[in-house]
Amino acid sequence: MSTEANFNRPSGMRGLFIIWLGQMVAGIATSTVFYALPFWISEKTGASGTALAAWESFFFAAYLCFVLFALFFIDRYPRKTMMLAYDFLLLSATAVLLVLESSGTLQIWHIYLNAIVQGVGYAFRLPTYSSVITILVPRREYVRANGMLSLLYDTPEILGPWLAFLFFPAIGLKGILALNLLSFVISIGALLFVEIPPTPHTDEGARSHTGFFKEAMYGIRYILRRPGLLGIQLIFFFGNIFSGIALSITALYTMVTLRTGGNVELAGSILSAGAWAAAVAALALSVFGGLKRPIRAILLSWVISSLFGLTLLGIGQIFVIWVIAKVIDSLFNPVADVAVNKFIQMKVPPDIQGRVFAASDFMTQAPFLFTPLLAGYFGDKVFEPAMRAGGAWVNVFGWLVGAGPGAGYGLMIFLCGIGGTLVGLWGYLIPSIRNAEQAIPDIVLPPPVGLVRRERSLSSNGVSQRVDQWQPVKRPPPEAKRAPRSASARPRKKPKK
């Protein structure tokens, strides 16, 4: 009876949609908490700038420190178990904050500790959800599934700030935390309802089980040994250096504030417009699929978003131009993310994908630890003084970005756009990157051992019946002779001695 119940549980794209829906509810509620915490910090500390910087630093430092070690558990344990562990971890952290806030004992250092827990939780989240797609949906649905995953990160960025602005004055942080707690109950219920197949085991995965610390570095070693895969990570690494500087809060908010005489609210509107554009692009990928050439999609996304997005953002001096530039940049972010996820899902064995995804996240997002610092230093110390009236670079670049307050940051963002464009073009010039799809073979997923996968079909008289899709493979006895190869079969290369 229980076996039949398990068999009837949702799976495939239907199961993924149910999980996605639960995570969407939790993601929006968590984003609302994220954008409500700065209000609380500002009220309690009176020095929100320093406190907010520390709060953000704790979160991202925890994420990068734990993402490599999270992969050890992701590939060792069932994907469903790890997804539940992530939700329970964040549920517990939210419950602690709610108890402290309700009792009136919540302190700023509690928020910092919560940021560390949140960072650890997110270290499990992205690699787990990226790798579960491989075992849950057929390969033809990878683009749609990854588009849904991208939408899962973009939509909360749109709704979170608005909901925090509306709810914080009305119900306070305590009410927002209570809603977040309820959202995790919904997401956990969705996970428990869906049937997620066990992760297939491969020889590559079995050889990778060598111990905790060695396995923590296994994903990085796996990438380093494959020039094509390494080249793609380098594209994101160097590209994120330029985009991380140009799109940091330091650069964007400072440029807009200086150019508009202190109207910092416009910067938030620009980011919101970009989040909407990213959500639309992710939704289009979820509905229509596509991206048959993921490497070309990655490189083209970097070139277009940098050349027509970041450069225009730096040149622009009015709100409309900034919005157009940010929309262009954001439209191609989901394209690049979905393309690289599809590539890894097609090329990497499923029982080591968690480690490879985690290593990929670590390598490509490491620049975000220092890019805001670079933006602040070069913007204040180099570019702004050089582009003020009478500055050393006004005669050279003044015709392009203007002169005066904010022009230096605009020039820095423009040059970052040129740098990102060169990174994308560099990928086209390197054969190991350009031809990575052909150089790295696709993985072949075997049918589950000892199981027969069945599908319903209609017989000739219209009656529904089950049809075996996978049949157990029986090996011929050693003395049996192989059947002669047909004339149409492609001859194999002669093996080397």
Side-chain angles (χ1 to χ4, degrees), residues 19-45 48-63 66 83-126 128-129 151-191 249 268 271-272 275-276 278-279 368:
I19 295 174
W20 175 88
L21 198 60
Q23 290 299 312
M24 180 64 75
V25 173
I28 292 173
T30 302
S31 180
T32 305
V33 173
F34 179 83
Y35 286 103
L37 284 176
F39 297 143
W40 186 92
I41 293 173
S42 298
E43 289 182 356
K44 297 297 181 180
T45 64
S48 59
T50 303
L52 285 175
W55 170 58
E56 291 180 312
S57 298
F58 277 122
F59 170 82
F60 205 77
Y63 170 79
F66 278 88
M83 296 160 81
L84 289 170
Y86 159 78
D87 274 0
F88 275 112
L89 178 65
L90 296 193
L91 181 147
S92 302
T94 303
V96 170
L97 283 188
L98 179 58
V99 170
L100 293 172
E101 175 66 6
S102 300
S103 62
T105 58
L106 183 62
Q107 303 293 327
I108 186 65
W109 65 271
H110 296 141
I111 302 295
Y112 294 159
L113 288 179
N114 179 264
I116 294 175
V117 175
Q118 294 278 345
V120 173
Y122 272 88
F124 286 88
R125 187 187 192 196
L126 184 58
T128 304
Y129 278 85
L151 193 63
L152 191 61
Y153 297 111
D154 294 326
T155 304
E157 291 298 314
I158 297 173
L159 300 179
W162 293 98
L163 293 176
F165 178 78
L166 292 174
F167 288 164
F168 189 80
I171 60 178
L173 182 61
K174 181 169 63 175
I176 296 175
L177 288 171
L179 291 176
N180 193 200
L181 201 64
L182 178 62
S183 72
F184 282 119
V185 175
I186 296 174
S187 65
I188 291 172
L191 282 171
I249 298 297
L271 290 179
S272 180
W276 275 106
F368 296 141

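Please read all numbers here as calculations on a predicted model, not as lab measurements. Position 1 is the first residue of the sequence; numbering continues from there.
Residues Ile28 and Met24 are in side-chain contact: their nearest non-hydrogen atoms beyond the backbone lie under 4.5 Å apart. Side-chain contact between Leu181 and Leu98 is present, with heavy atoms from C-beta onward closer than 4.5 Å. Side-chain contact check for Gln118 versus Phe34: every heavy-atom pair is 4.5 Å or farther apart. Within the 4.5 Å cutoff, no side-chain heavy atoms of Leu100 are placed close to those of Gln107.
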> Please walk me through it: do Val117 and Leu113 pass side-chain contact (heavy atoms from CB on, under 4.5 Å)?
Replying inline: CA-CA 6 Å; Val117 175; Leu113 288 179; 5.7 Å; no

> Passes side-chain contact (heavy atoms from CB on, under 4.5 Å), Leu97 versus Ile111? Steps please.
Replying inline: CA-CA 8 Å; Leu97 283 188; Ile111 302 295; 4.3 Å; yes

> Checking side-chain contact (heavy atoms from CB on, under 4.5 Å) for the pair Tyr86/Leu90: CA distance, chi angles, key distance, verdict?
Replying inline: CA-CA 6 Å; Tyr86 159 78; Leu90 296 193; 3.2 Å; yes

>> What verdict does the side-chain contact (heavy atoms from CB on, under 4.5 Å) test give for Leu179 and Thr32, after you've listed the backbone C-alpha separation in whole Å, the side-chain angles of each residue and the deciding distance to 0.1 Å?
In response: CA-CA 10 Å; Leu179 291 176; Thr32 305; over 6 Å; no

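Side chain of Ser187 to backbone of Phe184: a donor-acceptor contact under 3.5 angstrom is found. When atom types are taken as modelled, the side chain of Ser183 and the backbone of Asn180 share a donor-acceptor pair closer than 3.5 angstrom.
Between Gly22 and Ala190, the closest heavy-atom pair is CA-CB, 4.3 Å. Residues Phe168 and Trp40 approach most closely at CZ-N, 3.9 Å, considering heavy atoms.
Applying side-chain contact (heavy atoms from CB on, under 4.5 Å) to Ile171 and the options Leu166, Ile176, Leu177 leaves one that passes, Ile176.
Here the CG atom belonging to Leu182 is positioned 10.0 Å from the CG atom belonging to Leu91, to the nearest 0.5 angstrom. Atom CD1 in Ile188 sits 5.0 Å away from atom CG in Asp87 (nearest 0.5 Å).
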